[in-house]
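Okay, structure first, notes after.
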Amino acid sequence: MGDAEKIRNVARRIADVRKSGTSVVAVVSAMGDTTDELIELAHSVSKQSHPRELDLLLSTGELVSCTLLTMALADLGQEAVGLTGSQAGIHTDTSYGRARIDRVDTSRMQKEMEEGRIVVVAGFQGITEDEDITTLGRGGSDTTAVALAVALEADRCEIYTDVDGIYTADPKIVPEARKLDEIGYDEMLELAYYGFKRHPRSIELGRLYNVPIYVASSFNQTPGTLIHGNADKKIMENRIKVTGIACTTNVAKITVRSVPDRPGVAAALFEPLAQSGISVDTIVQNTSQDRTTDISFTVSGTDLKAALAKVEELTKEIGAGGLASEANLAAVSVVGSGMQNTPGYASRMFRMLADGNVNIDMITTSEIRISCIIKEDQAEEAVRLLHRGFQLDQPE
Ligand code: ASP
Ligand code: MG
């Protein structure tokens with residue numbers, strides 16, 4: 001919802017659904033770049049971190065769109081009521097900036113719906129037991145929406161956004177990327193973790209409670225993508241088995257050299273990192289030679305400085321030999337449930353990258369994903385190579 005016209009447009013679409021006899025709870029996110037602007041404003045006022053106040057500040061972005069949408073609905077003759085996250089009964093833990101939803105008390109929303117109103121809820125926020133406002137992390141309105149669908153036992157959750165569905169790769173990188181009609185939760189989760197623009201927590205919730213999530217455009221009526229549990233099961237043996245190619249940029253790698261090979265060392269390294277809120281992704285440990293080993297792992301480029309400072313201390317504590325780091329890396333991932341138990345996908349991926357002269361730095365796999373860490377400036381080309389190589393441009 002970028003401007004007044006777009007808000008009126010969203011209101012019309014919601015009103016149409018309501019007129020068809022469906023009860024609607026609409027969750028809104030902030031307009032345009034509001035959240036970024038609020039963060040910038042906070043930083044320009046104070047260099048310190050103020051987690052509680054920052055969340056209270058950021059929650060206002062969603063209040064703006066919530067109230068405006070409710071007014072636009074009233075203009076269309078629809079009875080509607082705007083609710084903050086806390087009025088909607090969304091209770092979270094106390095982790096400011098990345099709060100998790102503990103429970104949703106639906107009574108207020110139910111009452112409003114019973115009285116025939118459309119309920120418009122400010123996304124991305126909740127309230128703690130001590131009645132402090134929290135936010136759920138960037139992109140968190142998706143999670144609010146799915147959580148409310150779960151709590152209200154809705155038939156499905158529809159997300160209208162600036163992309164018109166889930167594609168086989170980012171269409172900005174791969175113009176031939178195809179929109180998928182449907183995708184399974186597991187595949188969608190891997191794609192979301194590894195670079196697709198969806199909040200992974202919302203997909204986790206959908207999967208856990210089996211709520212189908214439909215992702216479509218907020219600007220036009222073209223059909224979107226349905227994320228649901230049965231999509232995985234439809235895979236026949238000879239279908240194209242790769243579903244999508246994901247890419248994460250701004251990846252950094254840290255290598256701790258000559259780490260003593262004894263129990264407890266990995267824990268001594270990664271526990272303090274986790275406690276500092278630094279999330280570690282790919283981890284590779286070599287087999288040891290002369291009772292020492294090298295451990296490499298990746299973090300987000302944004303966390304590199306903080307991670308290095310921490311690891312430097314730890315290197316001394318655990319008696320490791322040294323430390324190296326590299327920024328400007330990327331992870332390209334091939335994802336598909338159909339790859340399970342089918343050999344040859346990894347080697348095909350490596351061959352395609354080799355033929356494109358892309359050097360692979362690290363490799364990790366899950367049952368339905370293969371990821372390679374490569375240089376960031378080769379990432380887009382790698383995505384195109386893999387998309388073409390696995391024939392994702394061709395209709396099934
Ligand atoms: N406004 C919040 C953000 O920009 C939440 C959202 O957009 O879903 O991260
Ligand atoms: Mg936003």
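The first residue in the sequence is number 1, and the count goes up from there. In each ligand, atom 1 is the first atom listed, and ligand 1 is the first ligand listed.
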From the candidates Arg138, Gln125, Met31, the one that places a heavy atom nearest atom 9 (O) of ligand 1 = Arg138
Phe124 to ligand 1: N or O pair under 3.5 Å?
-> no
Are any of the N or O atoms of Asp142 closer than 3.5 Å to those of ligand 1?
-> no
Could you see which bit of Ser29 sits under 4.0 Å from ligand 1, with heavy atoms only: side chain, backbone, both or neither?
-> side chain
Side chain to side chain contact (heavy atoms under 4.5 Å, CB included) between Ser29 and Glu62, intermediate numbers included = CA-CA 5 Å; Ser29 66; Glu62 270 66 15; 3.7 Å; yes
Could you check Asp294, Asp361, Asp303 and say which one makes a salt bridge (Lys or Arg N to Asp or Glu O under 4.0 Å) with Lys253?
-> Asp361
Would a line drawn from the ring center of Phe270 to the ring center of Phe297 be shorter than 6.0 Å?
-> yes
Below 4.0 Å from any atom of ligand 1, is there a heavy atom belonging to Gly140?
-> yes
Have a look at Gly123, Ser59, Ser141 and point out the one with the heavy atom closest to atom 8 (O) of ligand 1.
-> Ser141
Please confirm whether Gly139 comes under 4.0 Å of ligand 1, counting heavy atoms of the residue only.
-> yes
Close-contact set for ligand 1 against Thr35 heavy atoms, below 4.0 Å = 1 (N), 2 (C), 3 (C), 4 (O)
Relative to each other, are the rings of Tyr345 and Phe390 parallel, tilted or perpendicular (30° and 60° limits)?
-> parallel
